[in-house]
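Each chain gets a letter, A, B and so on, in the order the sequences are listed, and its residues count up from 1.
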Number of protein chains: 2
Amino acid sequence: MTRSEENYLKTIFHLGGSKTTTPITTNAIAEQMETKPSSVTDMAKRLSEKGLVNYKKYQGVSLSELGIKTALNIIRKHRLWEVFLVRKLDFTWDEVHEVAEQLEHIKSEKLIDKIDELLGFPKYDPHGDPIPTKNGDIDEQGYDKQLLSELPVGTKGTCVAVKDSSVPFLQYLDKHGISIGKTIHILGKEVFDGSLHLRVGNREHTVSQQIATNLYLQSK
Amino acid sequence: MTRSEENYLKTIFHLGGSKTTTPITTNAIAEQMETKPSSVTDMAKRLSEKGLVNYKKYQGVSLSELGIKTALNIIRKHRLWEVFLVRKLDFTWDEVHEVAEQLEHIKSEKLIDKIDELLGFPKYDPHGDPIPTKNGDIDEQGYDKQLLSELPVGTKGTCVAVKDSSVPFLQYLDKHGISIGKTIHILGKEVFDGSLHLRVGNREHTVSQQIATNLYLQSK
DNA sequence: ATTATTTTTTAGACAAATCTAAAAAAAGGT
DNA sequence: ACCTTTTTTTAGATTTGTCTAAAAAATAAT
């Protein structure tokens with residue numbers, strides 16, 4: 001397994017390539033990976049040779065059983081390292097992704113199992129995404145969560161995950177005191193643009209619809 | 001900096017390439033890295049282009065100032081990760097090298113500084129080798145240590161480092177209860193083959209000269 | 001000092017992973 | 001159904017890092 005192969009598998013998984021129903025297009029992969037479609041075609045052939053993906057010319061790519069298992073293993077490593085960075089080394093949630101992108105490729109089963117143990121076998125990463133188990137089981141559902149934008153005014157809930165985990169979005173949330181575990185109260189909604197009025201802790205803010213469609217709450 | 005370039009720099013450093021006096025030969029590097037001399041020549045040119053080594057045809061390689069700084073930074077990372085693996089994840093000292101070979105190439109200054117901090121700024125790795133500082137200072141001397149083979153009968157000392165840190169040697173030491181920090185008493189010496197009779201803790205062993213020339217004590 | 005041996009370098013080839021430009025196939029529009 | 005546009009693939013080139021085989025330089029030996 002090369003690093004590049006691992007990155008392709010991970011991307012294909014994130015684009016939904018574990019379901020055989022709709023194969024992932026060459027273009028979609030290229031765009032996501034910021035590479036050229038021709039490079040994707042080359043890699044699709046290589047991965048197909050190795051039995052990691054199903055690929056037929058002009059018909060896109062989906063992951064094989066082995067491909068899914070491999071992708072989940074990389075995602076497991078990525079997310080465990082993210083938890084480690086936040087909990088043990090005081091990284092902020094917007095800093096972890098870049099470093100975890102490197103750490104996820106370290107080849108040592110013992111290492112990642114020990115990190116898992118050190119962290120007390122966490123179930124979710126710092127963005128609220130579920131961590132696959134050693135056997136490749138993943139709690140796709142996660143918490144019983146709903147997008148902030150889909151909840152009615154008056155709802156009170158706990159922030160459990162983010163949909164977008166880009167650096168600017170995470171920094172925006174930090175600036176407004178929003179993080180995983182925080183209680184959020186929906187005070188009002190502007191019908192015109194879908195913006196929401198919230199109470200987070202003892203502070204009140206207005207957030208745009210774009211924010212509201214990228215934040216998951218568990219309502220109570 | 002590619003991973004391969006980093007590995008060459010590290011190897012050149014370990015072969016003594018930081019002293020301009022005796023350049024390191026192509027063959028020596030090839031042998032150490034288990035590669036071919038022609039590959040070393042290629043890399044020597046590339047590293048020379050980048051100002052990391054001094055290289056003139058047929059005259060071997062030595063590290064430039066920048067090369068030394070870079071090599072020490074990689075060694076620093078390698079050794080800090082080794083300490084982390086032993087102290088935080090219960091790796092044994094014969095297991096750490098292979099994983100640290102991978103971890104040393106992770107690019108994040110913040111990561112290694114936080115690991116350093118988490119460990120309380122250790123000065124020595126699990127084999128007793130000194131850890132370079134962030135600025136590239138290294139305590140070459142280390143402890144005021146002497147090879148076990150060079151000490152007189154009757155000496156009592158603390159094991160502070162190993163010269164050979166190969167897996168078989170470290171496992172041999174483990175089997176005989178010898179580790180960094182252990183007190184060793186030299187009870188007798190066989191003139192014929194240089195083997196030594198030792199007391200380690202409450203056990204007594206005879207060890208060959210080969211063992212004795214690869215173990216450092218700090219006598220007291 | 002000339003030959004033999006060893007070391008080092010060059011030249012050319014190969015694999016992985018990428019790119020550009022052009023060709024082929026698929027999808028969309030009228 | 002035909003033409004146009006988009007998507008995908010092929011073909012050929014490039015870079016990094018490696019190799020083998022042959023040439024060149026340095027070292028050693030008689």
Side-chain angles (χ1 to χ4, degrees), chain A residues 1-13 15-17 20-63 67 70-71 74 101-102 104-107, chain B residues 1-13 15-17 20-63 67 70-71 74 101-102 104-107:
Chain A
M1 265 280 110
T2 68
R3 178 171 299 228
S4 188
E5 286 170 348
E6 291 188 347
N7 283 330
Y8 273 93
L9 290 180
K10 201 181 48 162
T11 300
I12 296 165
F13 184 93
L15 291 172
T20 328
T21 51
T22 341
I24 310 305
T25 65
T26 304
N27 257 9
I29 298 167
E31 199 170 326
Q32 183 73 24
M33 299 191 71
E34 299 188 316
T35 183
K36 301 293 162 181
S38 56
S39 306
V40 176
T41 301
D42 285 351
M43 183 55 87
K45 286 179 188 166
R46 257 192 306 258
L47 292 174
S48 180
E49 292 279 306
K50 298 198 177 185
L52 292 158
V53 303
N54 311 114
Y55 168 67
K56 284 209 195 80
K57 276 191 192 182
Y58 299 104
Q59 291 186 198
V61 178
S62 66
L63 294 171
T70 310
I74 302 158
E101 285 285 295
Q102 299 181 61
E104 72 189 4
H105 299 293
I106 301 288
K107 283 166 183 57
Chain B
M1 266 277 114
T2 70
R3 178 171 300 227
S4 187
E5 286 171 346
E6 291 188 347
N7 283 331
Y8 273 92
L9 290 180
K10 199 180 50 162
T11 301
I12 296 165
F13 184 92
L15 290 171
T20 328
T21 50
T22 342
I24 310 306
T25 66
T26 304
N27 258 8
I29 298 166
E31 199 169 326
Q32 183 72 25
M33 298 192 72
E34 299 186 319
T35 184
K36 302 292 163 183
S38 55
S39 305
V40 176
T41 301
D42 286 351
M43 184 55 88
K45 285 179 188 166
R46 240 170 303 166
L47 293 174
S48 180
E49 292 280 306
K50 297 196 178 186
L52 292 157
V53 303
N54 310 114
Y55 168 66
K56 285 212 195 78
K57 277 192 193 183
Y58 299 105
Q59 291 185 195
V61 178
S62 66
L63 295 171
T70 310
I74 302 158
E101 286 283 294
Q102 298 181 62
E104 73 190 5
H105 300 291
I106 301 288
K107 283 166 183 55

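- For Met43(A), counting side-chain heavy atoms from C-beta on, the closest listed nucleotide (dC19(C), dT10(D), dT18(C)) is dT18(C).
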Polar atom pairs between nucleotides 21-27 of chain D and protein, under 3.5 Å, N or O only, would you list them?
residue : atom : partner  : partner atom : Å
dA25(D) : O4'  : Tyr58(B) : OH           : 3.4

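- More than 12 heavy atoms of other residues, nucleotides or ligands shown are found within 6.0 angstrom of CD on Glu101(A).
- The nucleotide whose nearest atom lies closest to any side-chain atom of Glu5(A) is, among dA17(C), dT8(D), dC19(C), dA17(C).
- A residue-by-residue look at Gly60(A) and Ser4(B) shows that Gly60(A) has its nearest nucleotide of DNA chain D further toward the 5' end.
- Counting only heavy atoms from C-beta on, Asp42(B) has its side chain closest to dC19(D) among dT9(C), dC19(C), dC19(D).
- Side-chain nitrogen and oxygen atoms of Arg46(A) include at least one within less than 4.0 Å of the OP1 or OP2 phosphate oxygen of dA17(C).
- For the side-chain contact (heavy atoms from CB on, under 4.5 Å) test with Val53(A), the passing option among Ser48(A), Pro23(A), Ser62(A) is Ser48(A); the others fail.
- Residue contacts for Thr26(B): at a heavy-atom cut-off of 4.0 Å it reaches the sugar-phosphate backbone alone, with no base atom in range.
- Which of dT10(D), dG17(D), dA17(C) sits closest to the side chain of Thr2(B) comes down to dG17(D).
- Residue Asn27(A) has a polar side-chain atom (N or O) positioned under 4.0 Å from OP1 or OP2 of dT8(D).
- Residue Lys107(A) places its NZ atom among more than 12 non-hydrogen atoms of other residues, nucleotides or ligands, all under 6.0 Å distant.
- Within the 4.0 Å cut-off from OP1 or OP2 of dC19(D), at least one side-chain nitrogen or oxygen of Ser39(B) is found.
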